[in-house]
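Numbering starts at 1 and runs along the sequence shown. All heavy atoms count here, side chains included; hydrogens, waters and symmetry mates do not.
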Amino acid sequence: IIGRADAAVLLPAQPLVIIGEDRHPDWSLNRLQPVVAPAAHVYELENIGLSGHCCLWRDDRFIRLESYLSHVAEQEAQNGHWKVPSPERLTRVVTEPVIPAFSAGYGCYGHYIVDDLPRLGLIRKTVGDAYFRHLKIIMPVDTPKWALDLLKVFFDIDESRILFFDRVKDFWMLRHVIVSEYLHRTYIVNPFMREFYRSYVPSQGEPWRKIFLSRRAWERNKTHQRVFEQQEWFEAEAQRRGFEVVAPETLSISDQLRLMCETSVQICEHGSAQHASLYSEF
């Protein structure tokens, strides 16, 4: 263990009002009583195998980082999707110090800003900015462009510092690896996540904008998951009530940061666009 974000007691927060079915009443209850946000540790490890959705292995044992996405990757490995990087399977041995900077949710904007970016931030705080700038990071070969943009904005990481990993074909041995635990357990969030994002928040004073975050443009061909039959009505009704319709995927990361800091009321269908509220100091 080379560093950590300390555990903290979180005091009761403003009550959360659920309109309709509350599918996670335990999460709502957590806001009404003091809860413990567990510590998140940073580890320096040697001779660690890497496969699949950032499955990390000590010999043939899966290294569990206690959080939802780590459990997803472990379950996938148990179901045979990801194999142990045994000597006969190895496609690369990485001798320089590296940071695996992704998880099973790397292709989802919301998961990446909640689960992965803050862990990189905790590693940088632990090892210091000078050493961090010399470390290579590992990302999937099919990393979305927006994830690369996030890495550039938050850490000034460009592709020259990235080792691209094929989660389907590659089995790597990492001689020296630095990895952080997740900053939340069952979505009780360690205060370091707030500390990390606050350092990027432009000072705007009190927010004033009422925004509707539209999902319509990029999901025209969707046929199964989260099909919202009243989508057009929802958007039109929001405009009628004075909301500004915004397609966040058309904005730069810097403009998204500024938008969230200027927003006092935000509505949207459930999804990654809502997660961007992390950028707001409020």
Determine whether Leu213 and Phe243 satisfy the following criterion, side chain to side chain contact (heavy atoms under 4.5 Å, CB included), listing intermediate values before the conclusion. CA-CA 10 Å; Leu213 298 173; Phe243 283 81; over 6 Å; no
List the steps, then state whether side chain to side chain contact (heavy atoms under 4.5 Å, CB included) holds for Ile211 with Met260. CA-CA 9 Å; Ile211 65 170; Met260 288 297 116; 3.7 Å; yes
Chi angles and distances behind the side chain to side chain contact (heavy atoms under 4.5 Å, CB included) call for Arg4, Val42: CA-CA 6 Å; Arg4 71 180 183 187; Val42 177; over 6 Å; no
Run the numbers on Arg258 and Asp255 for salt bridge (Lys or Arg N to Asp or Glu O under 4.0 Å), then give the verdict. CA-CA 5 Å; Arg258 187 174 299 105; Asp255 285 342; 2.9 Å; yes
Run the numbers on Ser103 and Asp116 for side chain to side chain donor-acceptor pair (under 3.5 Å), then give the verdict. CA-CA 7 Å; Ser103 63; Asp116 295 325; 3.0 Å; yes
Would Val94 and His176 count as a side chain to side chain contact (heavy atoms under 4.5 Å, CB included) if you check the C-alpha gap in whole Å, the side-chain angles of each, and the deciding distance to 0.1 Å? CA-CA 8 Å; Val94 180; His176 189 100; over 6 Å; no
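Of the possible donor and acceptor atoms, none in the side chain of His111 sits under 3.5 Å from a partner among the backbone N and O of Gly107. A distance-only check finds a donor-acceptor pair linking the side chain of Ser264 to the backbone of Arg209 [under 3.5 Å]. A donor-acceptor contact shorter than 3.5 Å is absent between the side chain of Ser70 and the backbone of Glu66. Thr126 contributes a side-chain N or O that, together with a main-chain N or O of Leu122, makes up a donor-acceptor pair within less than 3.5 Å. In this structure a side-chain-to-backbone donor-acceptor pair under 3.5 Å is missing from Asp170 to Ser51. Side chain of Asp166 to backbone of Val168: a donor-acceptor contact under 3.5 angstrom is found. Without hydrogens or angle criteria, Arg161 side chain to Leu135 main chain gives a donor-acceptor distance under 3.5 Å. Looking at Lys210, its side chain does come within 3.5 Å of a backbone N or O of Arg241 through a donor-acceptor pair. Of the possible polar contacts, one joining the Asn190 side chain to the Pro38 backbone as a donor-acceptor pair under 3.5 Å is found. When atom types are taken as modelled, the side chain of Tyr200 and the backbone of Phe154 share a donor-acceptor pair closer than 3.5 angstrom.
Listed here is the closest heavy atom pair of Cys268 and Ala273: SG-CB, 4.0 Å. Residues Leu278 and Val114 come closest through the heavy atom pair CD1-CG2, 3.6 Å.
When ring centroids are compared, Tyr197 and Tyr279 come within the 6.0 Å threshold. Two rings, from Phe212 and Phe234, have their centers less than 6.0 Å apart.
Atom CH2 in Trp82 sits 11.0 Å away from atom CG in Leu50 (nearest 0.5 Å). Put simply, CD1 on Ile188 and CG on Leu183 are 13.5 Å apart, with the number rounded to the nearest 0.5 Å. Taking CG from Leu120 and CG from Leu151, the interatomic distance works out to 6.5 Å, rounded to the nearest 0.5 Å. Separating the CD atom in Gln266 from the OG atom in Ser280 is a distance of 8.5 Å, to the nearest 0.5 Å. Here the CD atom belonging to Gln256 is positioned 7.5 Å from the CG atom belonging to Leu150, to the nearest 0.5 angstrom. Residue Glu269 holds its CD atom at 9.0 Å from CD of Glu235, rounded to the nearest 0.5 Å.
Between Ile123 and Phe155 there is no side-chain heavy-atom pair separated by less than 4.5 Å. Taking 4.5 Å as the limit, every side-chain heavy atom of Thr91 sits out of range of all side-chain heavy atoms of Phe165. Residues Ile157 and Lys152 fail the side-chain proximity criterion, which asks for heavy atoms closer than 4.5 Å. By the 4.5 Å heavy-atom criterion applied to side chains, Trp208 and Glu262 are counted as neighbours. Using a 4.5 Å heavy-atom cutoff, the side chains of Phe196 and Leu117 are in contact. Phe192 has its side chain within reach of Lys125: a pair of non-hydrogen atoms, C-beta onward, lies under 4.5 Å apart. With contacts defined as side-chain heavy-atom distances shorter than 4.5 Å, the pair Lys136/Ile162 does not qualify. No side-chain heavy atom of Ile138 sits under 4.5 Å from any side-chain heavy atom of Ile99.
Relative orientation of the Phe62 and Trp57 rings is perpendicular, given thresholds of 30° and 60° on the angle between their planes. The aromatic rings of His41 and Tyr43 lie tilted to each other, with the angle between the two planes from 30° to 60°.
Residues that satisfy the side-chain contact (heavy atoms from CB on, under 4.5 Å) test with Ser254, not counting sequence neighbours, are Ser252.
Taking the centre and axis of the six-membered ring of Tyr182, the NZ or CZ atom of Arg119 falls inside the cone set by 45° and 6.0 Å.
Within a 6.0 Å radius of CD in Gln78, more than 12 heavy atoms belonging to other residues, nucleotides or ligands are found. More than 12 heavy-atom neighbours from other residues, nucleotides or ligands sit within 6.0 angstrom of CD on Gln33.
With salt bridges taken as basic N to acidic carboxylate O contacts below 4.0 Å, one links Arg240 and Glu237. Between Arg167 and Asp142, at least one side-chain nitrogen of the basic residue sits less than 4.0 Å from a carboxylate oxygen of the acidic one, meeting the salt-bridge criterion. In this structure, Glu281 does not pair ionically with Arg198, as no charged nitrogen and carboxylate oxygen lie closer than 4.0 Å.
Annotation: salt bridge (Lys or Arg N to Asp or Glu O under 4.0 Å) contacts involving residues 36-55, sequence neighbours excluded, are absent. Residue pairs meeting the salt bridge (Lys or Arg N to Asp or Glu O under 4.0 Å) criterion with at least one partner in residues 175-188, sequence neighbours excluded, are Glu181-Arg185.
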